[in-house]
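So the structure is just underneath, and the comments pick up after that.
In what follows, residues are counted from 1 in the order of the sequence shown. Order of listing sets the numbers, starting from 1, for every ligand and every atom in it.
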Amino acid sequence: METKEVFINGLGLIGSSLARAIKKRNPEIIITAADTNKNTLKYAISNKIIDKVVENLENIKTADIIILATPVDQIIKMLHELSKLQLKSGAIITDVGSTKQAILKAAEELVQPSVTFIGGHPMAGSHESGIAAGRADLFANAFYFLVPLKTKNKQIKELQSLLQETNVKWFEIEADTHDKLVGQISHLPHIIAATLVNRTENEFADSKLGMELAAGGFKSTTRIASSDPAMWSAILKTNTTILIDQLAKYQQQLSEVQEALSNGDQEQLYNLFFQAKNSRDKLN
Ligand SMILES: NC(=O)c1ccc[n+]([C@@H]2O[C@H](COP(=O)([O-])OP(=O)(O)OC[C@H]3O[C@@H](n4cnc5c(N)ncnc54)[C@H](O)[C@@H]3O)[C@@H](O)[C@H]2O)c1
Ligand SMILES: O=C(O)C(=O)C[C@]1(C(=O)O)C=C[C@@H](O)C=C1
């Protein structure tokens, strides 16, 4: 099926970046969209990021591809809404949510047999949110996870072709493996950054000195603490079990550092930084 019409729900950083990339490569594709923020929709129309605003979900029956790009809890809510509509036969629904097990479970229960669901997650983004922060090249050279509900190569190719302009590296993965992986490399770092900022703020609560004196070390470690709280609390809620385990292991590691300091174990402290430097130097 040739893609003629795409509907995007949620035109923030990720939804609008995908819309921009689709329009850049395929200006003839009609992009319709909905968003709870009216100013976002005005911005999208006046900047020609989309062609039409969808006021009533009945009007998405002509869409070939539906992209769900709201916070994860709202993606699950939208899957419920979509299950009540008669969508175009052969349509593809995909999402961009940062967790996959809860979304795939909802899709399995709700998506109609004539429709294909392909879970998606671009592994790129920003601490900034909203439509104005979006860019067509936001995902260039990033990994883009795909978690098909039932393997359907034709539909996967169709989605990849629609998003060709993003220049991503496609990576197929199972939902549980995905959530463990991103728990460790994305969700845990966001928890650590947020708690470090809050702990530091508390530390200086009664002092004239403060966080404003921080330099590159603190700033680069905590940039992601500026991310949207609604988005992140929804992510954590859908990856709880995995994160509890990963946090326990991280706390154990912190305790070992504390013990090495108490024991004046210089070798252990050296090894901490030596091992970390070796690993981090390999990441570009
Ligand atoms: N920010 C990142 O770095 C990043 C990266 C990859 C994936 N994601 C995932 O992408 C999704 C969107 O994140 P974002 O960074 O674009 O957030 P964002 O806040 O920039 O955009 C979300 C948009 O959804 C709209 N929205 C919220 N609830 C809605 C609803 N019920 N119906 C319609 N619109 C609604 C908001 O008004 C906003 O425009 C999230 O699921 C997130 O987990 C984010
Ligand atoms: O670069 C950032 O600011 C991000 O937080 C992007 C980031 C991450 O790397 O954790 C955030 C959430 C996503 O699901 C994917 C990417």
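- Ligand 1 has an N or O atom lying under 3.5 Å from an N or O atom of Gln74, backbone or side chain.
- Ala124 counts as a contact of ligand 1, since one of its heavy atoms falls under 4.0 Å from the ligand.
- Residue contacts with ligand 1: Asp228 is placed with no nitrogen or oxygen under 3.5 Å of a nitrogen or oxygen of the ligand (distance criterion only).
- Here Asp245 pairs with Lys249 under the side-chain contact (heavy atoms from CB on, under 4.5 Å) rule; sequence neighbours left out.
- Annotation: side-chain contact (heavy atoms from CB on, under 4.5 Å) contacts of Asn198 (sequence neighbours excluded): none.
- Taking hydrophobic clusters as Ile, Leu, Val, Met, Phe, Trp and Tyr residues chained together by side-chain heavy-atom distances below 4.5 Å, Phe117 shares a cluster with Ile173.
- Residue contact check: Ile235 has heavy atoms under 4.0 Å from atoms 43 (O) of ligand 1.
- Residue contacts with ligand 1: Thr70 is placed with a nitrogen or oxygen under 3.5 Å of a nitrogen or oxygen of the ligand (distance criterion only).
- Between Leu13 and ligand 1, a contact under 3.5 Å exists for at least one N or O pair.
- Of the polar atoms of His121, none of the N or O atoms is found under 3.5 Å from an N or O of ligand 1, judged by distance alone.
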Could you tell me, for ligand 2, which of its N or O atoms are under 3.5 Å from any protein N or O, listing the pairs and their distances rounded to 0.1 Å?
from     : atom 1 : to     : atom 2 : distance (Å)
ligand 2 : 1 (O)  : Arg223 : NH2    : 3.2
ligand 2 : 3 (O)  : His127 : N      : 3.2
ligand 2 : 3 (O)  : Arg223 : NH1    : 2.9
ligand 2 : 3 (O)  : Arg223 : NH2    : 3.3
ligand 2 : 5 (O)  : His190 : NE2    : 3.2
ligand 2 : 10 (O) : Ser186 : OG     : 2.6
ligand 2 : 14 (O) : Ser98  : OG     : 2.6
ligand 2 : 14 (O) : His121 : NE2    : 2.6

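- Looking at Ile131 against ligand 1, nothing comes within 4.0 Å, counting heavy atoms.
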Review item, side-chain donor-acceptor pairs of residues 127-146, under 3.5 Å, at least two apart:
from   : atom 1 : to     : atom 2 : distance (Å)
His127 : ND1    : Arg223 : NH1    : 2.8
Arg135 : NE     : Asp137 : OD1    : 2.7

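- We find that Lys77 and Glu81 are not joined by a salt bridge, their nearest charged nitrogen and carboxylate oxygen being 4.0 Å or further apart.
- Close N/O approach between Pro122 and ligand 1 is not found [any backbone or side-chain N/O within under 3.5 Å].
- Residues Phe274 and Leu269 do not share a hydrophobic cluster, defined by chaining ILVMFWY side chains whose heavy atoms lie under 4.5 Å apart.
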